[in-house]
Amino acid sequence: MRASNEKIIIIDFGSPMNKVLTRKIRELNVYSKLVPPSITAEEIKNMRPNGIVLGASPESVYTNKSPKPDPKIFELDVPILGVCYGLQLITQFYGGVVDDTKQNEFGIVEVKADSRNKLFNGLPVYNTAHMRHGDRVKEAPPGFFFLLIHRAVRLLPLALRKNRFLVFNSIPKWKQLKTVMIFYGIFYMIYVDVTVNGR
Ligand SMILES: NC(=O)CC[C@H](N)C(=O)O
């Protein structure tokens with residue numbers, strides 16, 4: 001496979017999954033770099049990434065001690081993907097509500113996709129995802145909407161906001177996503193091997 005010139009920056013908020021994510025992106029022949037939350041938007045801009053991933057964390061976004069990125073990253077003209085905690089950060093930043101479900105969930109769950117969206121072209125409507133969380137997105141921010149629904153709790157918004165396209169070289173089994181979309185949050189761990197149709 002030919003290496004692409006693309007570069008993805010992953011902000012590490014403390015979960016070991018962020019290292020897995022970094023490696024998985026590299027396996028797609030896309031350069032990826034894991035950086036601490038203290039990195040500034042200016043520093044990221046100078047790295048000229050094609051996309052930014054806000055990674056997972058054991059912390060909860062609504063506490064004081066939770067790590068936060070430089071809010072100016074949201075002003076950069078770079079697509080952002082939020083995974084888990086990253087999704088919750090985006091939700092909170094844009095005025096949605098994240099709360100505590102008071103029950104930790106760890107393992108495989110069934111999720112239902114909005115099949116009208118091209119992101120899910122060629123994939124079954126019902127799928128499984130690997131989850132590890134205690135919090136949920138209770139209310140999506142204005143302009144965002146849920147694209148993946150957990151059967152029990154609606155905590156899987158893959159939210160569309162702006163037409164900023166993030167292009168990975170290819171995503172095996174998600175090859176339709178040569179165009180992975182926009183500015184969005186995703187709680188669906190496509191990079192975890194145990195996720196059917198994920199990787
Ligand atoms: N996987 C995660 O990033 C979890 C985020 C957050 N700590 C939660 O419990 O929901």
Side-chain angles (χ1 to χ4, degrees), residues 8-25 32-39 44 51-71 73-74 79-113 127-141 144-159 161 166 171 174 180-199:
I8 302 292
I9 300 300
I10 298 132
I11 304 188
D12 183 6
F13 296 107
S15 165
M17 292 313 295
N18 299 326
K19 291 192 179 66
V20 178
L21 178 55
T22 308
R23 180 166 52 80
K24 290 292 179 184
I25 293 173
S32 60
K33 188 170 169 60
L34 195 60
V35 298
S38 55
I39 192 165
I44 291 181
I52 301 168
V53 178
L54 303 181
S57 175
E59 301 294 341
S60 293
V61 290
Y62 45 77
T63 65
N64 286 339
K65 63 174 181 147
S66 61
K68 300 280 176 3
D70 179 351
I73 63 165
F74 294 109
I80 299 180
L81 172 68
V83 177
C84 308
Y85 181 84
L87 160 74
Q88 295 163 356
L89 278 175
I90 293 171
T91 301
Q92 195 183 54
F93 186 83
Y94 283 100
V97 179
V98 177
D99 72 356
D100 183 358
T101 63
K102 308 234 188 301
Q103 59 189 76
N104 288 327
E105 185 169 52
F106 178 57
I108 311 290
V109 298
E110 187 180 64
V111 292
K112 182 172 184 247
N127 221 321
T128 56
H130 189 255
M131 307 272 291
R132 180 174 208 147
H133 73 107
D135 301 330
R136 64 169 174 168
V137 172
K138 190 177 170 214
E139 284 170 33
F144 287 70
F145 51 90
F146 290 82
L147 279 182
L148 270 172
I149 311 291
H150 184 300
R151 65 184 151 67
V153 205
R154 280 173 35 121
L155 43 57
L156 301 166
L158 173 67
R161 191 180 161 89
L166 168 60
I171 298 190
W174 284 66
V180 183
M181 317 197 20
I182 34 139
F183 187 101
Y184 47 100
I186 182 167
F187 211 113
Y188 191 56
M189 295 192 184
I190 56 175
Y191 55 90
V192 177
D193 294 312
V194 293
T195 296
V196 176
N197 290 312
R199 190 191 138 119

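One-based numbering, in listed order, for ligands and for the atoms of each. Everything quoted here is computed from the prediction, not taken from an experiment.
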*Any Arg136 heavy atom less than 4.0 Å to ligand 1*: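 Distance cut 4.0 Å: Arg136 fails for ligand 1.
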
*Sub-4.0 Å heavy-atom contact, Pro58 with ligand 1*: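 Distance cut 4.0 Å: Pro58 passes for ligand 1.
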
*Run the numbers for me: atoms of ligand 1, each under 4.0 Å from some heavy atom of Gln88, listed by number.*
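Checking each atom against Gln88, I get 5 (C), 6 (C), 10 (O).
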
Within the distance-only criterion (no hydrogens, no angle test), does the side chain of [X] pair as donor or acceptor with the backbone N or O of [Y] below 3.5 angstrom?
X: Thr101; Y: Gly134; answer: yes
X: Tyr62; Y: Gln92; answer: no
X: Asp12; Y: Pro36; answer: no

*For the pair Phe74 and Phe93, name the ring-plane relationship: parallel under 30°, tilted 30 to 60°, perpendicular over 60°.*
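Correct class here is parallel.
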
*Can you run down the salt bridge (Lys or Arg N to Asp or Glu O under 4.0 Å) pairs that involve residues 52-62, sequence neighbours left out, and say none if there aren't any?*
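Matches after skipping sequence neighbours: Glu59-Lys65.
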
*asked:* Would Gly134 count as being in polar contact with ligand 1, using the rule that some N or O on each side must be under 3.5 angstrom apart?
replied: yes

*ligand 1 N/O within reach of Ser57 N/O, cut-off under 3.5 Å*: yes

